[in-house]
There are 2 protein chains.
Amino acid sequence: MQLISLGTQYAITSLIILGREPVGTAMSAADLAKSLESPSTYLSQILAKLNKPGIVGSRRGLNGGVYLRKKPEKIRLIDIIEAIDGSSFFETCFLGIKGCGDIEPCPFHEKWGEHKSCILFWLEETTLQNLCDDVTDSWILDRMKFDRKGVS
Amino acid sequence: MQLISLGTQYAITSLIILGREPVGTAMSAADLAKSLESPSTYLSQILAKLNKPGIVGSRRGLNGGVYLRKKPEKIRLIDIIEAIDGSSFFETCFLGIKGCGDIEPCPFHEKWGEHKSCILFWLEETTLQNLCDDVTDSWILDRMKFDRKGVS
DNA sequence: TTAATATCTAATATGCGAATTAGAATATAG
DNA sequence: CTATATTCTAATTCGCATATTAGATATTAA
């Protein structure tokens, strides 16, 4: 059991790597995938889902790749999660009872609602910038497995 | 995405129904399954997992079934969840980074840890008795789809 | 214009939890 | 003892999220 899917985990880690470069810097899905040890075309598909909400853009061809379209402080964690997983986690009943709601609540409705709100608030206020700030250089270097051009 | 599995949802609802009867009252998995609209042998397997931790016992044969072995106020929600789903939710990293921990934390480690602790505390202090108390008669009747012997 | 590099798209495969099924074992009532 | 009700066990099937693959399309550098 996980709150977010594997695909979203890949996406967030990719964006943390991307977010440490100047906005607009492109990285290929293949390079990012090498870092994450994930299949590159699969990562490509995942990152493409961040295109519609305007989080990233992409360029085909030589020196192309995926790049941020917003400043990291404008990208909220919840936006990334919703783009890929949707918002089902925040909408479903703890007991899986259909029809559960304020009118006919299951015995978990109120308390579980509080917990969900608490998590939701956190995901809304946390930005990619916060994540990039929290990450140590050694942590990120451990995950930069590709050869960066121009970096010895 | 869900915090608990479908099987655990079935188990909790079954126990709520059982918990409203005197301790020791047996109900067949088939009857309970009718209430939950779940396959009965599947429910049987799920409820069997509550046997080892001493939450329920079972009797084969005519008038047999599954019965509570503890008072509802002694059965904690967390015990039910761990018996079926295990405790992976409370042990895994938000980002799925292996090696994530206090020593080499991922950028979510601390905050996510707080949220998990908060939920864990709730699941530890909530008992089956609490759930049975919170449930309204009409709610439970909606879920009692089988013919109860001796009840008109 | 050509070769190399990438994304994009869609179809397919894989793996795992969920669900089903069939039959064996056990208990009870009469 | 027999018929019936029930759990127990293990094998199988199903469905979906995850992952892979192949080919089309686009871009750039030279």
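Order of the sequence lines sets the chain letters (A, B, ...), proteins ahead of strands, with each chain counted from 1.
- Here D/dA5 presents its C1' atom at 13 Å from NZ of B/Lys34, a figure rounded to the nearest Å.
- Straight-line distance from the CG atom of B/Leu43 to the P atom of C/dA19: 11 Å, rounded to whole Å.
- Within a 6.0 Å radius of CD in B/Glu124, other residues, nucleotides and ligands contribute more than 12 heavy atoms.
- When every heavy atom of A/Thr13 is checked against every heavy atom of B/Leu95, the shortest pair comes out as OG1-CD2, 3.7 Å.
- When the P atom of D/dT7 is taken as reference, atom CG of B/Asn51 falls 12 Å away, rounded to whole Å.
- Atom P of nucleotide C/dT7 and atom CE of A/Met27 are separated by 13 Å, given to the nearest angstrom.
- Note: B/Trp112 and B/Phe90 fail the aromatic proximity criterion, with ring centroids not under 6.0 Å apart.
- Annotation: side chain of A/Ile80 is not in contact with side chain of A/Ile4 (no heavy-atom distance under 4.5 Å).
- By the side chain to side chain donor-acceptor pair (under 3.5 Å) test, B/Ser87 is found to be paired with B/Glu91, residues two or more places apart in sequence or in another chain being considered.
- No option in A/Thr126, A/Asp133, A/Thr127 other than A/Asp133 meets the side-chain hydrogen bond (donor to acceptor under 3.5 Å, both in side chains) test with A/Gln129.
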What's touching nucleotides 27-30 of chain D from the protein side, N or O pairs under 3.5 Å?
none

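- Remark: B/Lys74 NZ is loosely packed, at most 12 non-hydrogen atoms of other residues, nucleotides or ligands lying under 6.0 Å away.
- The separation between B/Lys49 atom NZ and D/dT9 atom P is 13 Å, rounded to whole Å.
- Under 4.0 angstrom from either OP1 or OP2 of D/dC8 there lies at least one side-chain N or O belonging to B/Ser58.
- In this structure, B/Leu50 places its CG atom 11 Å from P of D/dC8, rounding to the nearest Å.
- Residue B/Tyr10 comes nearest to B/Ser38 through the heavy atom pair CZ-CB, 3.3 Å, listed as atom of the first residue, atom of the second, then distance.
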Could I get a table of every N or O pair under 3.5 Å where one atom is in the protein and the other is in nucleotides 10-18 of chain C?
unit_1 : atom_1 : unit_2  : atom_2 : d
C/dA10 : N6     : A/Gln45 : NE2    : 2.7

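- Rounded to a whole Å, the CD atom of A/Gln2 is 14 Å from the C1' atom of D/dA17.
- Considering all non-hydrogen atoms of both residues, A/Cys93 and B/Gln2 come closest at O-OE1, 3.4 Å.
- A straight line from OH of B/Tyr67 to P of C/dA27 spans 11 Å, rounded to a whole angstrom.
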